[in-house]
Each structure stands twice: as structure tokens, then as C-alpha cells.
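To start, the structure itself, in C-alpha cells.
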Amino acid sequence: MGEGLHEPESLAELVFDAIPDLLAAVGSEESSRAAVAAGVEPVRLRAGETLFADGDPPDALYFVITGRLAVVQKDERGDERVLRRVGHGEVIGEMGLLDDSPRSAAVVADRDSTLARLPRDVFDQLVRHDPGFLRGVARTVVSRLANPRPDVDTVGTIAVVVADPNLESRVFISRLLQALRQHHRVEHVSAASAASALGDAGDPMAIERYLDHVESSSDFVLLEADRRAPSWTESALRRADRWLLVVGENSVDEPVVAAVAAAARQANDPDLWLAVAHRGDGDHPQESANLATHYAASRVLHFRDGAAGDVARVARLVTGTGTGIVLGGGGARGFAHIGVYRALSELGVPIDAVAGASIGGILGAGIARGFSPDELHRQVAERFSNVLDYTLPVVSMVKGQRITRETNKVFAGVDIEDLELPFLCVSTNLTTSRQTVHATGPVTTATRAGLAIPGVIPPVPSDGDLLVDGGVLDNLPIGPLHQTGLVDTIIAIDVAPRLGPRARDDYGLSVSGWKALRSKLGRRKRMYPGISSVLLRSMIVGSMEQRDEYLAAGLVDLYLEPDLRGISLLAFDQVDRVATAGYEAAYPAIEKWVKERAEMGVG
């Protein structure tokens with residue numbers, strides 16, 4: 001590492017320039033400055049490379065000159081979790097030197113990064129002879145703790161590659177900028193503007209320092225790839241947190257795509273997204289999963305060429321600033337989601353992504369398909385008002401055949417990736433007792449699994465396991481939507497009853513079904529809890545605590561709990577009534593929320 005980088009003296013200048021607190025603390029101590037100059041060593045990391053691993057000895061302190069690193073730790077299951085991120089002007093590795101302990105986490109380069117390494121012996125010498133040096137390091141650490149970089153995957157710099165020859169790159173990027181600049185500080189850097197700013201200083205280090213400066217004064221940076229400037233395009237791709245490759249449905253500009261593919265091979269698992277341009281009012285997107293595989297893309301977004309609202313949605317999603325809705329489960333009470341959707345549409349609230357559990361999964365898939373509130377209402381009333389096909393209760397109370405048939409009429413052959421909006425739904429793996437998040441694959445299979453109410457609707461087999469209703473573990477999947485990084489505003493609609501069935505009569509410790517039936521038909525009625533209400537409520541009891549944790553963590557910006565008293569969980573024949581109740585309950589709350597955000601200048 002370090003070939004071709006600055007000599008120690010100039011590298012020390014970069015350290016003091018990046019970390020002014022250190023320079024101020026050292027002050028006039030020429031010996032300390034000289035020790036830093038003589039001791040620092042250049043380190044160059046490519047994106048994905050490891051600086052040090054968990055358990056490594058504390059052999060050095062590192063100053064971040066350019067780039068960004070992630071502090072990563074494995075949990076008890078061996079899954080990696082990002083604890084924090086460290087960027088330009090920060091210090092990493094100081095704790096191990098101070099308490100003489102092995103590294104407690106690994107540090108990996110998020111992007112190409114330049115560091116200055118201060119070996120342990122030089123660090124110890126400086127601490128012994130100049131207390132100001134330690135104060136400077138401490139100030140930098142305190143500043144980092146006071147203003148931590150988010151531990152979720154954050155996106156600040158996006159490289160935009162327009163590979164569809166039918167799209168003008170500047171026009172597309174100007175639309176992205178227009179959408180983002182309504183509420184954020186956004187800079188656009190092209191090969192020409194970078195050359196103008198740098199003049200003759202066009203070496204890689206100068207470019208990185210320039211882009212660090214641009215990033216420090218912006219919320220987001222759009223780096224425009226340019227087929228006429230391949231070296232700039234490669235620099236932009238290596239610099240970016242995310243790549244947005246814009247392609248047409250059937251046409252690709254091969255030279256640009258080839259450049260992206262070459263950069264992808266050099267990068268470590270690049271975060272490449274596709275934005276697919278659709279022209280006219282043609283059919284819904286198709287074969288999106290194949291497109292994602294072909295380009296090794298982690299996500300596919302769709303937009304209609306010329307539709308400003310669609311491009312604005314792409315802008316919000318690619319920067320993680322979208323608005324998402326979460327539709328909870330609650331049997332037929334879920335039809336209230338239709339009314340809430342209508343209220344959101346009438347009040348101009350954009351919906352960029354959708355998540356759902358149980359019936360919220362099926363209805364959410366309809367919203368993600370692009371159905372208007374009227375169309376969603378019509379489809380539900382036509383197809384799902386009579387779906388309970390009762391059978392001999394050996395596996396379940398109903399067959400699930402009608403639900404599957406009616407869902408297939410809408411979503412046959414449609415994958416989740418083909419939906420106009422990003423969508424996910426959840427189910428519960430009964431075999432492993434873990435949540436399954438469905439963000440890819442056939443819509444029918446995913447939503448049917450998410451709706452498999454235990455004991456009521458048959459479970460769905462999946463690779464030898466059994467999947468049941470997502471509401472068992474998470475009836476309001478706020479967390480899974482938050483973890484996508486697509487949205488920073490979440491609206492959650494909870495249609496589950498706040499209280500479950502009550503004991504209205506004391507019927508003792510045993511119940512005769514025949515006696516309960518005679519009680520319903522006779523004059524002296526005794527109130528028994530219904531088997532359906534007990535099953536449905538029992539299913540979601542465990543997820544209530546999960547919902548409360550999401551709310552306590554502040555993940556929800558607007559929590560809607562429509563008043564649906566008197567509406568049964570099995571009232572599948574009352575679509576109009578329930579949808580109207582959802583609309584009337586939600587409209588005033590949404591209207592108030594929209595006004596408050598407007599007053600605060602929040603979009």
C-alpha cells in the first residue's frame with residue numbers, strides 16, 4: 001500500500017489540514033509536528049479492503065485524509081453489523097492504543113480511502129512529550145461521538161450513468177437535481193466542472209480532496225459519468241456510495257455499460273441500482289429480475305420517461321429520502337387501508353415504497369403495482385369480498401384456494417421486482433421460528449405466505465419449511481422497510497384491534513361446542529369467545545411488543561390507528577364500509593400532519 005502517495009512531510013500537512021483540532025492542540029510544538037511528519041506513513045485502501053480485523057493488536061493510529069470507513073462487528077449469529085462510519089478528518093484506532101487492548105471491531109473501507117498511519121511507538125512518544133497532541137486526538141474523538149455518522153447504510157454520493165441512448169443525460173440529471181434541491185443541499189459534479197475547479201491539479205489525490213470538500217458542504221453529490229472522459233467516469237464510480245445505471249427497456253449503450261462493468265469487477269460488491277425507463281402507457285414492467293441479474297444490480301427502479309413525478313421518486317429512493325407506508329394485518333379490517341390510501345393520494349403525500357403484513361401485504365402489492373385508490377377498491381371488492389372457502393379443518397379452516405385464485409388473477413407471472421414501487425411483505429417461517437422478508441420473487445407466493453393465518457389458512461411450503469402469516473412475529477413491518485434504506489419518512493397504518501376479545505361471561509374451565517351453539521340459538525344467551533377471533537388475536541399478540549419497540553425507537557413519522565370498533569376481523573363482505581371508515585378516520589390526521597410539515601419546511 002501507499003505507492004505513489006505523498007512524501008511524509010506533505011502527508012503530515014494533509015493530516016493537520018484535515019484535522020484542525022490536532023494542529024491547534026500541538027500549536028507551536030515544532031518537535032511534535034516534526035515527529036508527526038517523520039512518523040506518518042501513507043495507506044491507500046480500495047473500497048472493500050480491510051484496515052484491521054477484530055482481535056488484531058493495536059499497532060497504530062490512523063488519520064482519515066479522504067474517503068470513508070465502516071467499523072464492523074459480528075453478532076452472535078455471525079452476521080456483520082456496522083457500528084459507525086468514519087470519514088474525512090477523523091481518527092480511527094485510538095482506543096486500542098489508549099487502553100492497550102486488541103481491536104474490538106474490524107474496520108473496512110466503504111470507498112477508496114487515503115489514510116495516514118501513525119505507528120504505536122511514535123504515538124507513545126508524542127503522548128509522553130506533548131500533552132497537547134493527546135488533547136487534539138481527544139477533541140477529534142469527542143466530535144465524532146457528538147456527531148456520529150449513521151450506522152445504517154447511508155448514501156451521500158451517487159454516480160449517475162445514463163446508458164439509454166434515447167435519454168439525454170443532462171436532462172435526466174437536471175430532473176433529479178430539481179427534485180432533490182427542494183429540501184436538500186445537492187451538488188452536481190461532471191468531468192467538465194471538476195476540471196474547471198481543479199485546473200492543472202488533476203491527480204487522483206487532488207480529485208479526492210476536492211470531492212471531500214464538495215461533500216462536506218452538501219447533503220448529496222451527483223457525479224455525472226461521461227463516456228468522453230473514461231478516467232473521470234472510473235473515478236466517479238469508485239468514489240460513489242451508490243451507482244445509478246439508467247437503461248431503457250430494450251436498448252443499451254454498450255460502451256458505457258462496458259465501462260460500468262469493468263469498474264464493478266474492480267470494486268468490492270458495488271451498490272449498483274438500475275433505473276429502467278418505460279415509454280408511453282404501455283404494459284407493466286416485466287422481466288425485471290432478469291435485468292437485475294444481467295447487470296448484477298441490487299435493486300431495480302422503474303420510471304416513465306417524461307413523467308416528472310416518477311423521476312422525482314427515483315431521486316428520493318436512490319438517496320434514501322423517500323416516503324414509505326406500512327400496512328398492518330388485521331383480517332377484513334385491513335380494507336381500511338384502501339381508505340387511508342385514498343386520503344394520502346388526495347392530500348398529495350407521495351408514496352415511494354410499500355411494506356405490508358398479512359392482508360396489508362396483498363393490498364400493499366396493489367398499491368405498488370400502481371393501482372389508483374379507485375382501482376384498488378374495485379379490485380378488492382370484486383375479488384376478495386368472498387374468499388373464505390371453508391373445508392374440513394384438518395390442516396386449516398379454509399382451503400385458501402379462492403384467495404390464491406383471485407390473487408393470481410391480478411399478479412400471475414408478476415415478480416416483486418416488476419412492481420412500479422419497491423415492495424416487501426413478511427411471513428413467519430414456522431420451521432425456524434424466524435421472520436422471512438419477501439422483497440423478490442413471485443408476488444402471489446409472497447403475499448399468500450404472508451396471509452397464511454395459522455389454523456385458518458393453510459401454510460405455504462418453501463424449500464422444505466412452512467411459512468405462515470407475517471403477523472405472528474411482526475404485524476406492522478416497520479423495521480424491514482427502514483432497513484432497506486429507501487425511505488426516511490414512514491407512515492404506519494395499524495388496523496389490528498388495540499384490545500382482543502373479552503370474557504363477557506364466566507363459562508368455567510371447559511366448554512361444550514354443542515352447549516355454546518344452543519346458547520346462541522336459545523333465549524338464555526351466554527357469551528362465548530369465537531374460535532376465529534381467538535386464533536386471529538393469538539396470532540398477533542407476540543408482535544405487539546415488536547410494534548411498540550419500533551414506535552419507541554422513533555422509526556415512525558406518522559402512526560395511524562383508525563377507529564374500527566364494531567368491524568369484525570372476518571367481515572370480508574364489507575369492503576365499502578371498512579374502506580370508508582379508514583378514510584374518515586385517517587384524513588384529518590394526515591391533513592394535520594401535512595400542514596405541520598409544510599410549516600416546518602419539510603417535504
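Throughout, numbering of the chain's residues begins at 1 and tracks the sequence.
Remark: Phe220 pairs with His184 by the ring pair (Phe, Tyr, Trp, His ring centres under 6.0 Å) rule, at least two apart or across chains. Every side-chain hydrogen bond (donor to acceptor under 3.5 Å, both in side chains) that Thr321 has, sequence neighbours left out, goes to Thr319. For Lys74, there are no salt bridge (charged side-chain N to carboxylate O under 4.0 Å, His left out) partners, not counting sequence neighbours. Considering only residues two or more places apart in sequence or on other chains, Arg342 meets the side chain to side chain contact (heavy atoms under 4.5 Å, CB included) condition with Glu346, Pro373, Asp374, His377, Tyr583. Among residues two or more places apart in sequence or in another chain, the side-chain hydrogen bond (donor to acceptor under 3.5 Å, both in side chains) test is passed with Arg383 by Gln379. Annotation: salt bridge (charged side-chain N to carboxylate O under 4.0 Å, His left out) contacts of Arg434 (sequence neighbours excluded): none. The side-chain hydrogen bond (donor to acceptor under 3.5 Å, both in side chains) check on Arg299 picks up nothing, with sequence neighbours excluded. Under the rule for a side-chain hydrogen bond (donor to acceptor under 3.5 Å, both in side chains), the partners of Thr404 that lie at least two apart in sequence or sit in another chain are Arg448. Partners of Asp54 by salt bridge (charged side-chain N to carboxylate O under 4.0 Å, His left out), not counting sequence neighbours: none found. Scored by the salt bridge (charged side-chain N to carboxylate O under 4.0 Å, His left out) test, Glu375 finds Arg378 as partners (sequence neighbours excluded).
No side-chain heavy atom of Val414 sits less than 4.5 Å from a side-chain heavy atom of His284. Contact annotation: the side chain of Leu223 never approaches that of His188 to less than 4.5 Å [non-hydrogen atoms, C-beta and beyond]. Contact annotation: the side chain of Leu481 approaches that of Val487 to within less than 4.5 Å [non-hydrogen atoms, C-beta and beyond]. Residues Ile158 and Asp241 have side chains not in contact (no heavy-atom distance under 4.5 Å, counting atoms from C-beta outward). With contacts defined as side-chain heavy-atom distances shorter than 4.5 Å, the pair Leu244/Val314 qualifies. Counting heavy atoms from C-beta on, the side chains of Glu287 and Asn290 come closer than 4.5 Å. Under the 4.5 Å side-chain criterion, counting only non-hydrogen atoms from C-beta, Phe423 is in contact with Cys425. Between His438 and Thr436 the shortest side-chain heavy-atom distance falls below 4.5 Å.
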Asp271 vs Ser298, test: side-chain hydrogen bond (donor to acceptor under 3.5 Å, both in side chains). Steps then yes/no.
CA-CA 6 Å; Asp271 189 14; Ser298 57; 3.0 Å; yes
Take Arg185 and Asp219 through the salt bridge (charged side-chain N to carboxylate O under 4.0 Å, His left out) test and state the conclusion after the steps.
CA-CA 5 Å; Arg185 298 172 303 161; Asp219 296 319; 3.3 Å; yes
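Exactly one residue among Ile416, Leu317, Val300 makes a side-chain contact (heavy atoms from CB on, under 4.5 Å) with Pro422. That residue is Leu317.
The aromatic rings of Phe335 and Phe572 lie perpendicular to each other, with more than 60° between the two planes, well past the 30° mark.
Atom CD of Gln178 sits in a sparse spot, with 12 or fewer heavy atoms from other residues, nucleotides or ligands closer than 6.0 Å.
Scanning all heavy atoms of the two residues, the minimum distance from Glu187 to Ser218 falls at CG-OG, 3.0 Å. A pairwise comparison of heavy atoms in Leu560 and Ala586 identifies CD1-CB, 4.3 Å as the closest pair. Taking both residues in full, the closest heavy atoms of Gly48 and Val108 are given as O-CG1, 3.5 Å, listed atom of the first, atom of the second, then distance. Residue Leu176 comes nearest to Val160 through the heavy atom pair CD1-CG2, 4.3 Å, listed as atom of the first residue, atom of the second, then distance. In terms of heavy-atom proximity, Pro477 sits nearest to Ala357 at CD-CB, 3.7 Å. When all heavy atoms of Gly334 and Ile359 are compared, the closest pair comes out as CA-CG2, 3.7 Å.
Expressed to the nearest 0.5 Å, how far CD1 of Ile325 lies from CG of Leu421 amounts to 8.5 Å.
With hydrogens and angles left out, the side-chain atoms of Asp474 and Gln435 include a donor and acceptor closer than 3.5 Å. Thr489 and Asp557 share no donor-acceptor pair across their side chains, judged by distance under 3.5 Å alone.
Sequence neighbours left out, the pairs with a member in residues 452-467 that pass side-chain hydrogen bond (donor to acceptor under 3.5 Å, both in side chains) are Asn429-Asp465.
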Please tabulate, one pair per line, all N/O donor-acceptor pairs under 3.5 Å involving side-chain atoms of residues 362-370, not counting sequence neighbours.
none

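Aromatic ring centres of Tyr550 and Tyr559: separated by at least 6.0 Å.
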